[in-house]
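Worksheet for the structure shown next.
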Amino acid sequence: MRDAPTFKDSPSFKDQRRERIIQVARSVFYEVGYAGASMSMISSRLGGSKATLYAYFNSKEDLFEAIIREQCGQMADLFAAHTGTDDLRTTLSVMGRELLTAVMSDEAIRTFQLVVEESYRNPQLAEMFHNVIQSQGRSNLTALLQTAHDKGQINAPNIMEATMVLKSLIFGDCHFKRIMNLAVEPTEAQRHRQVDLAVDIFMTYYGVSASG
């Protein structure tokens, strides 16, 4: 007879342990920077053995990738929830507000800053960051707009260009200013104004009138 699984063997415990590692690693990266962080430092903050840390992640590069994937995964879920709806303008407004809130958060901005700080010394890190955003973020926004195009809600034969336009309109220059520490996190009213303007411009150019 097989022994009954222990609490520590349960998937929920492993998931919780993994999430705890990511949280601690994130705080270490934000505090000392990517270059200054080490697996030993992260293990010490966790209060466990280094072997436990390595059982989940092989390196700090893997850990940082997990942090990025977690953030991008939340955005991918956001896009998926809004794909295929009948009221595209409302969909883009709601989705845009959620997206702007996510990317303007202190946590997301600090992650962007870490990649920028390290990109010269470690271009592979920047490439990984770009690839994760492309696969989990931008591709899902592209899928949303492709569905809208296929349904006749917009006329966007160059869907990649339309994706770039919408993202640029939503982010505006406030995202760049946040990364450069030139602006604080925008208020809800400011985010709504930014997104409403972005959607109006996007739909004016790409929208299809009811009369066809």
Side-chain angles (χ1 to χ4, degrees), residues 65 68-116 119 123 125-212:
E65 181 174 352
I68 295 172
R69 287 192 178 278
E70 182 179 75
Q71 292 179 345
C72 290
Q74 294 170 357
M75 295 181 193
D77 293 342
L78 183 159
F79 296 136
H82 293 292
T83 299
T85 58
D86 292 330
D87 186 347
L88 181 62
R89 180 180 288 272
T90 298
T91 288
L92 293 181
S93 295
V94 174
M95 179 275 297
R97 292 172 181 179
E98 293 174 352
L99 175 61
L100 195 60
T101 298
V103 301
M104 290 294 185
S105 68
D106 288 338
E107 186 175 279
I109 290 298
R110 190 66 188 104
T111 301
F112 270 98
Q113 290 172 333
L114 280 174
V115 175
V116 173
S119 60
L125 183 71
E127 182 178 4
M128 179 270 289
F129 183 67
H130 175 267
N131 290 340
V132 172
I133 288 179
Q134 181 67 40
S135 64
Q136 293 190 246
R138 191 172 303 162
S139 62
N140 285 275
L141 177 56
T142 299
L144 185 154
L145 294 181
Q146 183 67 62
T147 299
H149 174 77
D150 294 342
K151 294 179 66 172
Q153 295 171 315
I154 57 174
N155 180 24
N158 187 337
I159 206 67
M160 298 303 296
E161 181 181 78
T163 301
M164 180 272 293
V165 169
L166 179 58
K167 182 184 75 70
S168 298
L169 287 170
I170 291 174
F171 285 15
D173 69 343
C174 54
H175 188 241
F176 175 76
K177 288 180 178 178
R178 282 281 285 145
I179 293 175
M180 298 298 292
N181 289 324
L182 296 175
V184 298
E185 186 173 355
T187 65
E188 182 179 24
Q190 289 171 331
R191 294 195 303 271
H192 286 194
R193 169 62 180 162
Q194 174 77 20
V195 172
D196 289 347
L197 181 61
V199 172
D200 281 346
I201 295 172
F202 183 83
M203 291 303 295
T204 296
Y205 187 82
Y206 286 103
V208 177
S209 64
S211 61

| Do Glu185 and Ser105 have side-chain N/O donor and acceptor atoms under 3.5 Å apart? | no

| note | salt bridge (Lys or Arg N to Asp or Glu O under 4.0 Å) pairs touching residues 134-148, sequence neighbours excluded, are none

| query | How about Tyr206 and Leu166: do any of their side-chain heavy atoms sit closer than 4.5 Å? | reply | no

| message | Using the salt bridge (charged side-chain N to carboxylate O under 4.0 Å, His left out) criterion, which residues pair with Glu65? Sequence neighbours excluded. | response | Arg69

| query | With side chains defined as the heavy atoms from C-beta onward, is the minimum distance between Phe171 and Phe176 less than 4.5 Å? | reply | no

| query | Could you give all pairs that pass the side-chain hydrogen bond (donor to acceptor under 3.5 Å, both in side chains) test and reach residues 160-170, with sequence neighbours left out? | reply | Thr142-Thr163

| request: Using a 4.5 Å cut-off on heavy atoms from C-beta on, say whether the side chain of Arg97 contacts that of Asp196. | output: yes

| query | So how far is it from Ile68 CD1 to Leu114 CG, rounded to the nearest 0.5 Å? | reply | 9.0 Å

| said: I'd like to check the salt bridge (charged side-chain N to carboxylate O under 4.0 Å, His left out) partners of Arg193; sequence neighbours left out, ordered by chain and number. | reply: none

| said: Less than 4.5 Å apart, side chain to side chain, heavy atoms only: is that true for Asp86 and Lys151? | reply: yes

| field | Thr187 side chain near Arg191 side chain, heavy-atom distance below 4.5 Å | value | no

| request: Please list all pairs passing the side-chain hydrogen bond (donor to acceptor under 3.5 Å, both in side chains) test where one or both residues lie in residues 171-181, with sequence neighbours left out. | output: Asp106-Arg178, Gln113-Asn181, Asp173-Lys177

| query | Quick check: does any side chain N or O of Gln153 sit under 3.5 Å from a backbone N or O of Thr85, one acting as donor and the other as acceptor? | reply | yes

| message | I need the Ser119 OG to Glu127 CD distance, nearest 0.5 Å. | response | 12.5 Å

| message | If I take atom CE from residue Met128 and atom CG from residue Asn131, how far apart are they, to the nearest 0.5 angstrom? | response | 9.0 Å

| query | Who passes salt bridge (charged side-chain N to carboxylate O under 4.0 Å, His left out) against Glu70, sequence neighbours left out? | reply | Arg26

